[in-house]
**Q** 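Please see the structure below; I have some questions.
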Amino acid sequence: MPGITREEVAHLARLARLELKSEELDHFAGQLDDIIGAVARVSEVADQDVPPTSHPLPLTNVMRADEVRPSLTPEQALSGAPAQEQQRFKVPQILGED
Amino acid sequence: MTVTELLSYDAALAAYDPVMGLEVHVELGTKTKMFCGCSTELGAEPNSQTCPTCLGLPGSLPVVNAIGVESAIKIGLALNCEIAEWCRFARKNYFYPDMPKNFQTSQYDEPIAFNGYLDVQLEDGEIFRVEIERAHMEEDTGKSTHVGGATGRIHGASHSLLDYNRAGIPLIEIVTKPIEGAGERAPEVAKAYVAELRELIKALGVSEARMDKGQMRCDVNLSLRPNGTEKFGTRSETKNVNSLRSVERAARFEIQRHAAVLSSGGTIVQETRHFHEEDGSTTSGRIKDNAEDYRYFPEPDLVPVAPAREWVEELRKGLPELPRVRRNRLREEWGVSEHDMQSILNAGAVEPIVATIEAGADAAAARKWWMGELARNANEQGVALDELPVTPAQVARVAALVAAGDLNDKLARQVIEGVLAGEGDPDAVVEKRGLKVVSDEGALGAAVDEAIAGNAAIADKIRGGKVQAVGALVGAVMKTTRGQADAARVKELILEKLGVSEG
Amino acid sequence: MTDIIKLTAAEIAAKIASGELTAVEVTEAHLARIEAVDEKVHAFLHVDREGALAQARAVDAKRAAGEKLGPLAGVPLALKDIFTTEGIPTTVGSKILEGWIPPYDATLTKRLKAADVVILGKTNMDEFAMGSSTENSAYGPTGNPWDLTRIPGGSGGGSSAALASYEAPLAIGTDTGGSIRQPAAVTGTVGVKPTYGAVSRYGMVAFSSSLDQGGPCARTVLDAALLHEVIAGHDPLDSTSIDAPVPPVVEAARNGSVEGMRVGVVKQFSGEGYQAGVVQRFNESVELLKSLGAEIVELDCPSFDLALSAYYLIAPSECSSNLARFDAMRYGLRVGDDGTKSAEDVTALTREAGFGDEVKRRIILGTYALSSGYYDAYYGSAQKVRTLITRDFEKAFEQVDVIVSPTTPTTAFPIGERADDPMAMYLADLCTIPTNMAGNAAMSLPCGLAPEDGLPVGLQIIAPALKDDRLYKVGAAVEAAFVEKWGHPLLEEAPSL
Ligand SMILES: [Mg+2]
Ligand SMILES: [Zn+2]
């Protein structure tokens, strides 16, 4: 298994929206390399013909009836908002598509 | 906006073969959201239809809406798909402020429906088969309003405001396989496919599929390859094309744009594009580089969906007649041409006509009113036919009055006008406006005598054999009766009185 | 006063029901204890004095009015700060949720309130339940009441310390890889990870959804059972909730016995890294089980050797997605919003400032394991390991009724010792993780003090899924035998604070 580089950590941090500091990149790169080196053992079973388990219990078809339940009030919904305006969540400019 | 080079459509098709992929998102008409019990009613106050789950509050969990699954299966069956015996939801991970959890609960490699097709009928009656790759369940995002920039655009905005009422509304995403072999008819196929899909969704009763309300949205993926080659070219993805006409225009524009780029030796960039309603053009959006990595994995908070075969078969049995099949049946029943049927469809008149016939009118009359007077009216007001303030039953009543000879066409139009103006039912309008055909033979006879007496010269001509001159006398009678006479009867009476027989 | 705080939950409930004590007296005694010792222990992040007293008064009023009281009416409880509490701060031990007041109660919170349990406050934990020492709390570490310079276990160190310091007779924990059992082991208390799906996760802030499970923490097996019965049961708001009756855990706890039971000892739960005193106490426990009439069966579960590796792929993967919602848009911390930065930048700056090292490490690890080129090798393989572990358990439970092991390889280590060595820290969960992977049930209860350091050692009992009652049947028998042998509950040997 390949090790993990500082650049790779920087790329992952971008994907995960973490503005890591330069020293953190070095620090994590070293630690993650160790951890990945250790946990990479699981790939021993990669070729085995075993179904993967995503859910610990074999439940299926858990569904609810299409019936309206009470929502929060707008005040409750917005109660934790860092900023709000016109009963909406106010967020910094979104760098969008157009 | 930069001016985009285009090649003429004919030149483009002379050199290149278009391949299309269409992705349609349909908002289901369920009462509640896909994963929580919040109402989906449109037009509510901002953030009044949210809960811990659809706001993505810490600790909240999703539970699947059974009608959402049922609707997905119905759509899959109607599209001739196989229905998965076992499938899971997956998380599609990416950050965006309109998505409360920063992952979309969707389906990835295990869609609930896959491998189907939809036959669509082109204007000339030809059937084109569009293969369906998959139909899967997912959820909608919240709505952002961009503040401080020009005309509410995201670009240049100082901040945005988010309303999560729409977040979590169930969506079905329907993806075609690459559509090949449509050639120059590709834009027409695209439009016909989306139109047919919309009819199908409506017939299934799972959504109103109103494109103008965003309940149905289409992405048009298009690439060109040199004629006679196999390998697909690089595609562009034109997002959120929101009317049938736009679907056709977007496909056409992209064919011409791709052809211009390719024929001048350039390469197509894989990117999203935005369609512009005003001039039918598209402009560049986001480049699809490989940095995009959605890190899909099975949603651990939802258990697998394993639709029982009996349930699937029961749903299959309950499917309505396919819109295309039904349309062809109705066309034959009504005795209209392919072309006329297409016009009826385009006008959105199929359902109103069916309902009017069900209310007792004959097919010709129902068609005449909906495609004539009413279509004109709807057009003028810029509303859909079914939004006019007149019911099929009312139209049927007008047709019945005409058939009984109580109204002539001119009067009937006035009755319709009255109904549309909110003056009440047809009978009430007739009553209030005094719009009965004058059928009292005595009164009519007097009016005829008056007309003969007042137009002696014309009467003589008629007596002399110039029967076609009768029109002028009929006109005079209609004038004195203020149009409330049956013109045919008036003509009969005049000829009778003048002792002339027709032909 | 001292007497009240030493009572078990069962005793308190009985005395309140009989009128010997009022709920207000009991609550005040515990609030006073918290005031006296929590500055040293730091088990609580938030004490809800007014709310607790109001709840206690309501219980007393109910009793006065002759209304029926629940089995734990008026009994104080320390709630891990991972469950949402309407109107009461919920931080999950993280700066990113500092000051957040949820607009809703977790299902577990609702159940506790409906059972008239008195919620004293919210307990400290490793940030987002990631850790085995409670050192990863953004609000400072918790001390182990046995030795305040040592860790109380984690992530639920606040809950275990609250029990061991007599600040509360009951507590709630959550267990993703051992966060209920390991803290119980190192503080000489009892902790149960129920079968996955037994206790609703609705309102429990997610770390790793397919592994997380809330459960009871107490000082006795019976108390744990009484609490288990209150918090378990089907919840339509949690799709992974078991829709079946709760196993008869209280009945089992009242009728402890191992007579005629087959008890498994797994080869893989031994070897390098196990402290001598831990092994010694474990071996004595096995002897004790034999003497009580159990048959011991040696088991081989080879997949367990891969459990830790698989866990450190699955849990980080799920957490990288679960924690994406902390983006500074709708709630919680927002950093760097100066009117010029984009939402994307503000999100990244906030997450950088709001998450601690361990959380960041796991988010990056999980992001890596799920990314397109690595998914099959890492996440995919880890899910296969999960299947193998489940099969090993299935095979094992064909031969035995329960499995026993040490809960954790060592006793409580000093605060700071493993702080910058994540791999060493992860070893604390070696014996507890397989159960989370397979979704079955397990308990930790005290089995003595390690001779070399005089610190508590935990015995883990593992039962098949849905057979949680077996834990209590075996646990109660073991507990009774030990208490008889020691002449008192183990916790009596803890130094007074
Ligand atoms: Mg989609
Ligand atoms: Zn909701």
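Per chain, numbering begins at 1; letters A, B, ... match sequence-line order.
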**Q** Let's go through A/Lys21 and C/Glu352 carefully: what are the C-alpha distance in whole Å and the side-chain angles of both, what is the deciding distance for salt bridge (Lys or Arg N to Asp or Glu O under 4.0 Å) to 0.1 Å, and is it a yes or a no?
**A** CA-CA 9 Å; A/Lys21 298 183 195 77; C/Glu352 165 64 12; 3.1 Å; yes
**Q** Which heavy atom in C/Val346 sits nearest to a heavy atom in A/Pro92, and how many Å separate them?
**A** CG2-CG, 3.7 Å
**Q** Does anything in residues 312-320 of chain C get under 4.5 Å of chain A by heavy atoms, and if so which residues?
**A** C/Tyr312, C/Leu313
**Q** Given heavy-atom pairs under 4.5 angstrom as the criterion, report whether the side chain, backbone, both or neither of A/Arg14 touches chain C.
**A** neither
**Q** Taking side chain as everything from C-beta outward and backbone as N, CA, C, O, which of these in C/Leu237 sits under 4.5 Å from a heavy atom of chain A? Side chain, backbone, both or neither.
**A** side chain
**Q** Are the side chain of C/Lys384 and the backbone N or O of A/Gln48 linked by a donor-acceptor pair below 3.5 Å?
**A** yes
**Q** Between atom CZ of A/Arg17 and atom CG of C/Asp345, what is the distance when rounded to the nearest 0.5 Å?
**A** 9.0 Å
**Q** Given that the side chain runs from C-beta out, which part of C/Lys341 has a heavy atom under 4.5 Å from chain A: side chain, backbone, both or neither?
**A** backbone
**Q** For chain C, which candidate among A/Thr53, A/Val50, A/Val39 shows the most heavy-atom pairs at distances under 4.5 Å?
**A** A/Thr53
**Q** Which atom pair, heavy atoms only, marks the closest approach of A/Val91 to C/Arg334?
**A** CA-NH2, 3.9 Å
**Q** Please report the interatomic distance OG(A/Ser79) to OH(C/Tyr104), rounded to the nearest 0.5 Å.
**A** 12.0 Å
**Q** Given heavy-atom pairs under 4.5 angstrom as the criterion, report whether the side chain, backbone, both or neither of A/Gln31 touches chain C.
**A** side chain
**Q** Looking at C/Ser342 and A/Ile94, would you say the former's side chain and the latter's main chain have a donor-acceptor pair under 3.5 Å?
**A** no
**Q** Any donor and acceptor pair, going by atom type alone, linking the side chain of C/Lys360 with main-chain N or O of A/Leu18 inside 3.5 Å?
**A** no
**Q** Looking only at heavy atoms, what is the nearest atom pair of A/Ile4 and C/Tyr368, with distance?
**A** CD1-CD1, 3.9 Å
**Q** Grab the two heavy atoms, one from C/Gly380 and one from A/Pro52, that are nearest each other, plus how far apart they are.
**A** O-CB, 4.4 Å
**Q** What residues of residues 58-67 of chain A sit under 4.5 Å from chain C when you count only heavy atoms?
**A** A/Leu59, A/Val62
**Q** For chain A, which of C/Leu466, C/Ile101, C/Thr367 has the most heavy-atom pairs under 4.5 Å?
**A** C/Thr367
**Q** Do you know the tightest heavy-atom contact between A/Pro82 and C/Arg330?
**A** CD-C, 3.7 Å
**Q** Return the minimal non-hydrogen interatomic distance between A/Pro56 and C/Ser210, and the atom names on each side.
**A** CG-O, 3.3 Å
**Q** C/Arg351 side chain to A/Ala16 main-chain N or O, any donor-acceptor pair under 3.5 Å?
**A** yes
**Q** What residue in A/Leu20, A/Leu78, A/Val9 has the most heavy-atom pairs under 4.5 Å with chain C?
**A** A/Leu20
**Q** Let me know if C/Asp420 has heavy atoms under 4.5 Å from chain A in its side chain, its backbone, both or neither.
**A** both
**Q** Non-hydrogen atoms of chain C under 4.5 Å away: do they reach the side chain of A/Glu24, the backbone, both or neither?
**A** side chain
**Q** How many angstroms lie between OH in C/Tyr426 and CD1 in A/Ile35, if you round to the nearest 0.5 Å?
**A** 4.0 Å
**Q** Looking at C/Ser241, C/Ala310, C/Pro422, which makes the most heavy-atom pairs under 4.5 Å with chain A?
**A** C/Pro422
**Q** Which atoms of A/Glu8 come close to chain C, meaning under 4.5 Å heavy atom to heavy atom: side chain ones, backbone ones, both, or neither?
**A** side chain
**Q** Rounded to the nearest 0.5 Å, what's the gap from CZ on A/Arg41 to CG on C/Leu306? Could you check?
**A** 4.5 Å
